[in-house]
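Keep in mind it's a predicted model, so treat the numbers as computed, not measured. Atom set for the values below is all heavy atoms of this structure, side chains included, hydrogens, waters and symmetry mates excluded. By convention in this document, chain letters (A, B, ...) are assigned in the order of the sequence lines, proteins followed by strands, and residues within each chain are numbered from 1.
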Number of protein chains: 2
Amino acid sequence: MPKTPPGQTRNRVFRFVRDCLLRGDSPSLREVQRRFGFRAVETVRAHLTALVEEGRLVKEPGRARGYRLPKRFSSPAPDWSTGRLQPVPLLGEVAAGGFEEAIENPEGNLPVEIPDSRDLSDYFALRVRGESMSGAGILPGDTVIVERRGTPVSGQIVVALLEEEATVKRLHLGKDGMELRPENPDFDTLRPPPGSCRILGRVVELRRQLR
Amino acid sequence: MPKTPPGQTRNRVFRFVRDCLLRGDSPSLREVQRRFGFRAVETVRAHLTALVEEGRLVKEPGRARGYRLPKRFSSPAPDWSTGRLQPVPLLGEVAAGGFEEAIENPEGNLPVEIPDSRDLSDYFALRVRGESMSGAGILPGDTVIVERRGTPVSGQIVVALLEEEATVKRLHLGKDGMELRPENPDFDTLRPPPGSCRILGRVVELRRQLR
DNA sequence: CAGCATAACAGACATTTGTCTGGTATGCCA
DNA sequence: TGGCATACCAGACAAATGTCTGTTATGCTG
């Protein structure tokens, strides 16, 4: 019965459970027990209930493997809208060939957090081609996550479908109609005639891999 | 005993379980049962074992709440390195105040895919402050995901700790020592004297919210 | 010292959860 | 018509997991 200084084992238990939970894998009492070589399950339970009382853990009662991290742990950031993590289909570059078909055959899925109020089918992702938005920090090869819903608002960065080709531009709605403005002086503003252009959605997130 | 067309219920069950798992919360058979109003647990088990056989789910045997998503699910795209989805701690901006303490008290966590060969503790995230890297498409407010491991390589974008302050710059190693080059003509290259600067890691991913 | 809190053990017990075996109904197809 | 597969139900059972009650030891403190 080796007795350790107060709080020391408790901390080690906490770190272990926390790491499990961050891996998305709630441990059972007996798993923790084995890990630390305790000879009684109750020892673990005492530690965990203590950790819950201290507010360092949260428990869903009446449920196997019910220990969780308190909310502040899993909420990504203050301004990040808390939502569900959902697999958003990545459609590739969607050049000529059809947008609708691409929806059916995505290249893969991206784990993206979307608000609770929205539906997964409102989102898709595209890879950016071309330099036309580099002034806005959107570079070729980046992936943009697009939300379909809502009326297009002037000033937003949108994905527009022009002659079976998807492009990322900043939308401007004026009295002369719609303008799609690049953010790069080497490119020209597009003024598509009414009916020839469809706004697929607005860009809500950008991701870039630098590996 | 309402019989549904083949595969239809199966798909609905799959989507439900998948969404649970993406939320990091493996459901029990009886939870799925209640959700769909089945009157037998076995019905659920039949569906789930079928889904495992189809390769759409994976199961850890001899374990409560042991259903998981197969790896490929979280691999977004061909060139995206296949890896686990892990909650990487977001440390905020890490200005003066200490880097080590920030590790212990993250602002939140970001779901990020990291290679199987790496450890979660090798990664952290930071919010970018300042315009010094805007030429590389890294803007203020962006979040960079940083990998600690490995020797710094010339030409990579890194996070450096200079006088208790973290900065993102492009690293250049020459015969005159280390240079930290901004990617914006308005800023000057830094040449920190040896010992006064620590490279925390290299930027492997960038995320930006535009909501 | 007595009193008290903490750390740990021991084992019984209850609940949750997964597994099994067998049955009913429906549609498809040779 | 008779298999045969699929969808589903029913209930028993076993394994995993959480809960409880009681005990021993250690250190601190008045």
Item checked: Evaluation steps, salt bridge (charged side-chain N to carboxylate O under 4.0 Å, His left out), between B/D25 and A/R63 -> CA-CA 12 Å; B/D25 180 39; A/R63 169 171 187 166; 2.8 Å; yes
Notebook entry, point to check: Mapping B/A64 and B/H47 onto DNA chain D by nearest heavy atom, which one lands closer to the 5' end?
Noted result: B/H47
Checklist line | 5′-ward residue of the pair B/G62/B/V41 relative to DNA chain D | finding: B/V41
Margin query: When you measure only distances, ignoring hydrogens and angles, does the side chain of B/E42 come within 3.5 Å of the base of D/dC8 through a donor and an acceptor?
Written below: no
Note to self: Check this for me: does the side-chain of A/R63 come within 3.5 Å of the base of D/dG18 through a donor and an acceptor?
What the structure shows: no
Item checked: Heavy-atom pair of closest approach, residues A/L173 and A/P152 -> CD1-O, 3.9 Å
Next item on the list: Would you classify B/S28 as touching base, sugar-phosphate or nothing, given that sugar-phosphate means primed atoms plus P, OP1 and OP2, and contacts are heavy atoms under 4.0 Å?
Entry: sugar-phosphate
Notebook entry, point to check: What nucleic acid atoms does B/R45 come within less than 4.0 Å of, heavy atoms only: base, sugar-phosphate, or nothing?
Noted result: base
Let me know the distance between [atom1] of [X] and [atom2] of [N], rounded to the nearest Å.
X	N	atom1	atom2	answer
A/R39	D/dT24	CZ	C1'	12 Å
A/F36	C/dA7	CZ	P	14 Å
A/Y67	D/dA16	OH	C1'	15 Å
B/L48	D/dA7	CG	C1'	14 Å

Margin query: Checking B/R45 now: which residues fulfil salt bridge (Lys or Arg N to Asp or Glu O under 4.0 Å) with it, not counting sequence neighbours?
Written below: B/E42
Check: In chain order, what residues pass the salt bridge (Lys or Arg N to Asp or Glu O under 4.0 Å) check against A/R35, with sequence neighbours excluded?
Finding: none
